[in-house]
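Note that the coordinates shown come from a computational prediction; the quantities given were computed from them, not determined experimentally. Computation of the quantities below employed the complete heavy-atom set of this structure, encompassing side-chain atoms and omitting hydrogens, waters and symmetry-equivalent molecules.
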Amino acid sequence: MGYIHCCGALHKTRTYRLAPQYNFVLCEADYLPKCPVCGHTVVQLTRVDINDNISVVRKVNKKAREFLKKLKIFILYEVRPINYSKMNCGRFYLNYNEFGVKKRCYSNLSTLKIGLTENKYFKKINP
């Protein structure tokens, strides 16, 4: 997922990888259907050539929609970001009491010592 700078902010876009043409190594098109601030449609084509020079072509509104129609034949695939929310982690904190002090366990449950009491003030029953 790419970003386009419009109206003083970065907005998330749909990113398409294009077949490279001429002397270009990498071609990507970012498409913003509607800017949340101004309502413009924005298409930005970013190309990198053999000498690592970057060229950017940016179109707005009607010209952007026509430009995207011309680019559709060169689209290989849409770049989709990895969804990290499906990983095995959560936002759960286990509150526990160690020596009368409340603590939070963030991850390592194997080193947890629940219910320990400090016994330096207790008298020994059997000397």
Side-chain angles (χ1 to χ4, degrees):
M1 178 174 294
Y3 293 92
I4 288 182
H5 189 267
C6 184
C7 299
L10 291 174
H11 301 288
K12 290 183 182 178
T13 61
R14 296 180 74 176
T15 303
Y16 300 101
R17 187 68 49 100
L18 305 175
Q21 303 168 359
Y22 309 115
N23 292 329
F24 294 107
V25 179
L26 177 70
C27 295
E28 281 189 352
D30 292 317
Y31 174 61
L32 179 64
K34 184 178 180 183
C35 175
V37 178
C38 63
H40 290 167
T41 301
V42 183
V43 173
Q44 181 171 320
L45 175 67
T46 307
R47 301 179 292 187
V48 179
D49 67 359
I50 297 170
N51 300 325
D52 291 334
N53 296 324
I54 299 174
S55 67
V56 177
V57 178
R58 183 182 172 106
K59 304 284 183 181
V60 180
N61 288 336
K62 184 179 177 184
K63 290 183 181 181
R65 289 186 281 275
E66 292 172 1
F67 187 58
L68 188 65
K69 285 180 186 176
K70 289 180 186 177
L71 292 178
K72 280 196 177 187
I73 59 172
F74 301 112
I75 293 177
L76 298 175
Y77 58 91
E78 181 178 355
V79 178
R80 296 188 184 250
I82 299 171
N83 190 359
Y84 291 105
S85 64
K86 295 180 182 177
M87 294 178 67
N88 266 348
C89 64
R91 295 182 182 174
F92 174 73
Y93 302 116
L94 179 63
N95 292 318
Y96 69 100
N97 191 352
E98 181 179 16
F99 301 119
V101 178
K102 288 187 178 180
K103 294 187 176 181
R104 277 190 171 175
C105 177
Y106 293 99
S107 61
N108 196 356
L109 295 176
S110 63
T111 60
L112 238 161
K113 299 172 185 169
I114 297 178
L116 288 181
T117 56
E118 202 167 346
N119 57 2
K120 67 180 180 180
Y121 299 111
F122 293 117
K123 294 181 181 178
K124 291 184 181 178
I125 298 174
N126 291 331

Asp30 and Tyr3, any side-chain heavy atoms less than 4.5 Å apart: no

Determine, using the 4.5 Å side-chain heavy-atom cutoff (strictly less than), whether Tyr16 and Phe24 are members of one ILVMFWY cluster. no

Please say yes or no: joined through hydrophobic side-chain contacts below 4.5 Å, possibly via intermediate residues, are Ile75 and Val42 part of one cluster? no

Passing option when Leu18 is tested against Leu45, Leu76, Leu26 for side-chain contact (heavy atoms from CB on, under 4.5 Å): Leu45

Sole residue of Leu32, Leu10, Val43 in side-chain contact (heavy atoms from CB on, under 4.5 Å) with Ile4: Leu32

For the side chain of Thr15 and the backbone of Val79, is there at least one donor-acceptor N/O pair under 3.5 Å apart? no

Under 3.5 Å donor-acceptor, His40 side chain and Lys34 backbone: no

Should the heavy atoms of other residues, nucleotides or ligands under 6.0 Å from CG of Asn53 be counted, would the total exceed 12? yes

NE2/His11 to NE2/His5 distance, rounded to the nearest 0.5 angstrom? 8.0 Å

Got a second to check how far Leu68's CG is from Arg14's CZ, nearest 0.5 Å? 9.5 Å

Is there a side-chain contact (heavy atoms from CB on, under 4.5 Å) between Cys27 and Arg17 once you walk through the steps? CA-CA 6 Å; Cys27 295; Arg17 187 68 49 100; over 6 Å; no

What's the verdict on side-chain contact (heavy atoms from CB on, under 4.5 Å) for Glu78 and Arg80, showing C-alpha distance, side-chain angles and the deciding distance? CA-CA 6 Å; Glu78 181 178 355; Arg80 296 188 184 250; 3.5 Å; yes

Tell me, with the steps shown, if Gln44 and Cys6 meet side-chain contact (heavy atoms from CB on, under 4.5 Å). CA-CA 11 Å; Gln44 181 171 320; Cys6 184; over 6 Å; no

Contacts of type side chain to side chain donor-acceptor pair (under 3.5 Å), residue Thr41, not counting sequence neighbours: Arg65

